[in-house]
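For reference, the structure is listed below as structure tokens.
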Amino acid sequence: MFYESSAWKKHKSCGTSSLLPMTPKKPQQWLQVVGHAGSFHVGDHGTLLKRFCEGEQQCYLRLMEDVLRPFVPAYHGVVQRDEQNYNMIDNLLTHFNRPAIMDCKMGSRTYLEGELLVARERPQPRKDMYDKMVAVDPEALTDQERAQQAVLKTRYMQWRETLSSTTSLGFRIEGFRKSNEECHTNFKRTKSREQVMEALDNFIDSNTHIVVSVTSDDFHSLIDAFVVTLVCLSRQWGYLRRLKQLRQVLEASDFFRTHEVVGSSLLFLHDWTGRTGVWMIDFGKSAALPAHLTLDHRTPWVDGNREDGYLWGLDNLIDMLANMLPLT
């Protein structure tokens, strides 16, 4: 999604000034593993432009004043390109060298309670959602839905979440791209703990098994393999450390306590040097709660309590990565 740079200079946008990286000499790079094409553009000075969403803008403004600021891309206001407004955020790939990148959608649901309410108030059978269900699991359709060749949006939204690990583990892998440019995006039916751990294992290349039989001829090969193993271990430890830090900060965050955080992802990055990073991204569906309400993000969701399962999913993700360490 982003590109690399090093130097810094002042940049002004929307009446504010902030530190932004200068345009790099090397060609810009931009990786988009999942998401709607055309929603992002590479910006100047080491930034990324994301199609404007007022709700996301308000979240970023709040997050820039919250303890979560180090765990989200820095926000630099609104810019316009070709008569379209964009939220301008930091390029998170700046300090990585040909990184592997993974998007994990967090929480036990990816729709807002408000979306369910609107869909119930205006029940309209949808042909497009029927077609999507047919493509994934035709056996899930009822006789009535087959006859109508349409399904209600509420039915579709809740069915979709049961296919993946969203409802079973509180997060799901949206997709990843490895440093060798190998892409994996077919995780719609990756549901069990074992399936998710296999996907995570693939992403971090932790299945590098080294058969040691040392001779003078293969000594250098052994050293190279040992270095690869250390890099794999550092990725996992780096991710675990970062995720545990994030969990601690989330539990202390005013923003997190007072928002229904739905449809938000964790972006994972690592490169061949062993450098790792994890950031919270995508706040277009995150909604502020009524003044009297707060969430713990672990309580199971029932219609009306606004709980999103974010921390429950993060607990499971941390536990899985910790359990994978012996495999390396």
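This is a predicted model, so every value here is computed, not measured. Numbering of residues begins at 1 and proceeds along the displayed sequence.
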Nearest heavy-atom pair of Leu49 and Gly43: which atoms, and what distance?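 So the minimum-distance heavy-atom pair works out to CG-CA, 3.9 Å.
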Aromatic centroids of His270 and Phe203 separated by under 6.0 Å: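 Close enough - the centres of the two rings lie under 6.0 Å apart.
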Report yes if the distance between the aromatic ring centroids of Phe176 and Phe268 is under 6.0 Å, otherwise no.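 Not close enough - the centres of the two rings lie 6.0 Å or further apart.
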Taking 4.0 angstrom as the limit, do [X] and [Y] come out as a salt bridge?
X      : Y      : result
Lys285 : Asp308 : no
Arg126 : Asp128 : yes
Arg109 : Glu161 : no
Lys188 : Asp137 : no

Residue pair Arg257 / Thr294, side-chain donor-acceptor N/O under 3.5 Å: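 Per modelled atom types, Arg257 and Thr294 side chains form no pair under 3.5 Å.
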Kindly indicate, with the supporting measurements, whether the criterion salt bridge (Lys or Arg N to Asp or Glu O under 4.0 Å) is fulfilled by Arg62 and Asp254. CA-CA 10 Å; Arg62 288 281 306 273; Asp254 288 334; over 6 Å; no
Classify the ring geometry between His259 and Phe255 as parallel (under 30°), tilted (30 to 60°) or perpendicular (over 60°).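 His259 and Phe255: parallel rings.
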Should the pair Trp279 and Phe96 be assigned to parallel (<30°), tilted (30 to 60°) or perpendicular (>60°) ring geometry?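 The arrangement is perpendicular - the two ring planes meet at more than 60°.
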How long is the straight-line distance from CG of Leu48 back to CD1 of Ile89, given to the nearest 0.5 Å?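 Ile89 atom CD1 to Leu48 atom CG measures 5.0 Å (nearest 0.5 Å).
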Among Leu243, Leu92, Leu240, exactly one meets side-chain contact (heavy atoms from CB on, under 4.5 Å) together with Val278. Which residue is that?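 Going through the options one by one, the only one that passes is Leu243.
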